[in-house]
Amino acid sequence: MTADPRTPTRTLLPVASARQTWTTLGAQFRDRPGLSAAAATVLVAAATGGLVAPWVLGRLVDDVIADAPVSRIAGRVAVIAAAAVLTGLLTALGAALASRLGETVLARLRERVLDRALHLPSATLERAGTGDLLARVGDDVAVVTNVIAVSGPAFVGALLSVVLTVFGLVALDWRLGLAGLVAAPAYALALRWYLRRSMPYYARERVATGERTQAMAGALRGAATVRAYRTEDAHVAAIAERSGLARDLSLEIFNLHTRFGLRINRSEFLGLAAVLVAGFFLVRDDLVTVGAATTAALYFHRLFNPIGLLLMESDSVLQAGASLARLVGVASLPDTAPPAAAGPASTPGPASTPGPATAPAGPRGPAALDVTVRRHHYDDGPLVLADVELRLAPGERVALVGASGAGKSTLAGIAAGIIAPTDGSVRLDGAPLTGADEAVSRRDVALVSQEVHVFAGPLAADLRLAAPDATDAELLDALHRVGATTWLRTLPEGLATPVGEGGHRLTAAQAQQVALARLVLTAPAVAVLDEATAEAGSAGARDLDQAALAATRGRTTLIVAHRLSQAVTADRIVVLDHGRIVEQGTHDELLAADGRYGHLWRSWRVPV
């Protein structure tokens, strides 16, 4: 039964501090010095070029007053026109370079976020909820992308224009510059007022978006259960409530934005009035020319558009800052788990077009696997495993059994190298599964879990995740070994039939057979099956058990047994209870001992 959709408490994924966010961005820019320098140079040149026209126009005023020849006036006009054209070209080039730089940095950050997301411990993801993660890799990436591609370059250009215009105003005449700076405190107070009130709203808005995504994802993922228990209205109400919260936050932010605009207009009035009054008295006392006073007024008036742009885009930039902090928060998570196994039988993350996998180095014989876990827990959670010493001899088939929550799947993940133990180690033929030999040793360990993923695309491409160079004959042989020949014949295009999202829908048992076929193609020395046949149901259980047996024949195998019938055929059975090994032996030996396994067997009531 689904949980109450109105349950609000979740431990969200971390959000980076402002310092951490800027440090991460700075490192990304430093990694691309050529592009960063080119973008900065062109943007500064474009902003500087915008100062030419007001300065020349001021000289033109003085020339007209002095009754200068027409040729000089025409020359001034030509300079103004040339400066306008050149500034336009530099502005366009600067925007293109800035967009390219921003998109590149965002792409690298997005890849890092996806990498960290795919390696999050399952317990951490469950506590945070998939909605928070989906909002970050979806909504937050969209917000940042929009700013980088659309408003980011314009925002940076406007900021440079403001800085350089203020500098030009002071350089023109320090007294006129001081008059213009009268507006600075008013601008600063307005900005301080806005930032202090708006930043918390933006952070809360992103959290509210994540909660809304969580509610929608949960309802859609469990749609069948929702309909079965007639809880549609409750879920719709929960989504409406969280959508309403996000809407109210957006309206409050817009209200703040409007009030901020009034403060900016007041600052502009004060500054321009001060420049005009100062220019009047300086011209009257022959301290500056009319042209200089005109240039000063034009310089200050030139600030209106850049400041207006900064104002109009401040919402987007602040939202992007909040979204960026959420992305960096995930990207900065420590590498608590080694990279996913190269063996494609492991459960991959959500994607629609898989890339080519690294081909295995070649088949090798079964290997010995030594797992030592002195203790293991997720984050600051309770102890999951303790004092576990497990050795699998080459070619040995070992079954893990125990009650739900005993730690079986965690131990399987550690054995496969998917989860790094808090305190412990995993060795393959004496070599550590992580560290210097990781790239070599990990090709020889593959995990097939209960929840496999079928990628969208031809069935052949899905299978070649395991062996990119495999021939069609090898693919067919792998499917035959796992008992998939019957349903393969029903596919309209055979191996070329599109499967997965938008293609032919495979049943849970068929998807598991595809995963087991990948295992055959990978040909690892060690196979770890984490309840890999649990989704078959009673009707297909025997067939899928036979498929798993065929796929792992000749390999060192660790099985998390969902049904105790899987344990009967194992060379050794290891019984876990509350994260500790309490028994091990063959099926007959453990039944004779009448311990924990005997109790589980009698409760399960499987006929021998």
Could you go through residues 167-180 and list every donor-acceptor pair under 3.5 Å that involves a side-chain atom there, pairing it with any protein atom two or more places apart or in another chain?
| residue | atom | partner | partner atom | Å |
| --- | --- | --- | --- | --- |
| D173 | OD1 | R175 | N | 2.9 |
| D173 | OD1 | R175 | NE | 3.2 |
| D173 | OD1 | L176 | N | 3.3 |
| D173 | OD2 | R175 | NH2 | 3.0 |

Which side-chain N or O atoms in residues 76-89 pair as donor and acceptor under 3.5 Å with protein atoms at least two apart or in another chain?
| residue | atom | partner | partner atom | Å |
| --- | --- | --- | --- | --- |
| R76 | NE | D63 | OD2 | 2.8 |
| R76 | NH2 | D63 | OD2 | 3.3 |
| T87 | OG1 | G49 | O | 3.3 |
| T87 | OG1 | A83 | O | 2.7 |

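Residues L164 and A47 share a closest heavy-atom pair of CD1-CB, 3.4 Å. In plain terms, the two heavy atoms of L272 and F300 that are nearest each other are N-CE2, 3.1 Å. Here the closest heavy-atom approach between residue L97 and residue L35 is recorded as CD2-CD1, 4.1 Å. Across all their heavy atoms, A190 and R263 have their closest contact at CB-CB, 3.6 Å. The shortest heavy-atom contact between G271 and A183 is CA-CB, 3.6 Å. Closest approach of R72 to A68, counting heavy atoms only: CD-CB, 4.0 Å.
Taking the side chain as every heavy atom from C-beta outward, L262 and R266 never approach each other to under 4.5 Å. Taking the side chain as every heavy atom from C-beta outward, R112 and Q28 never approach each other to under 4.5 Å. Side-chain contact between V283 and V288: present, with at least one pair of heavy atoms (C-beta onward) separated by less than 4.5 Å.
Between L383 atom CG and L385 atom CG the span is 7.5 Å, to the nearest 0.5 Å. How far CG of L324 is from OG1 of T24: 8.5 Å, rounded to the nearest 0.5 Å. One finds the CG atom of L287 at 12.0 Å from the CZ atom of F281 (value rounded to the nearest 0.5 Å). For the atom pair H377 NE2 and T410 OG1, the distance stands at 12.5 Å (nearest 0.5 Å). Residue I414 holds its CD1 atom at 11.0 Å from OG of S409, rounded to the nearest 0.5 Å. In this structure, CG in N265 is found 11.0 Å from CG in L270, a value given to the nearest 0.5 Å.
Looking at R100 and E103, no side-chain N of the basic residue comes within less than 4.0 Å of a carboxylate O on the acidic one, giving no salt bridge.
Residues satisfying the salt bridge (charged side-chain N to carboxylate O under 4.0 Å, His left out) test with D248, not counting sequence neighbours, are none.
For the pair T295 (side chain) and P54 (backbone), a donor-acceptor distance under 3.5 Å is present. Using a distance-only test at 3.5 Å, with no hydrogens or angles considered, a donor-acceptor pair links the side chain of H376 to the main chain of T422.
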After noting the C-alpha distance and the side-chain angles of L298 and R302, does the key distance pass the side-chain contact (heavy atoms from CB on, under 4.5 Å) rule?
-> CA-CA 6 Å; L298 291 174; R302 186 176 180 273; over 6 Å; no
Hey, mind stepping through Q20 and V15 against side-chain contact (heavy atoms from CB on, under 4.5 Å) and telling me if it holds?
-> CA-CA 10 Å; Q20 187 179 15; V15 177; over 6 Å; no
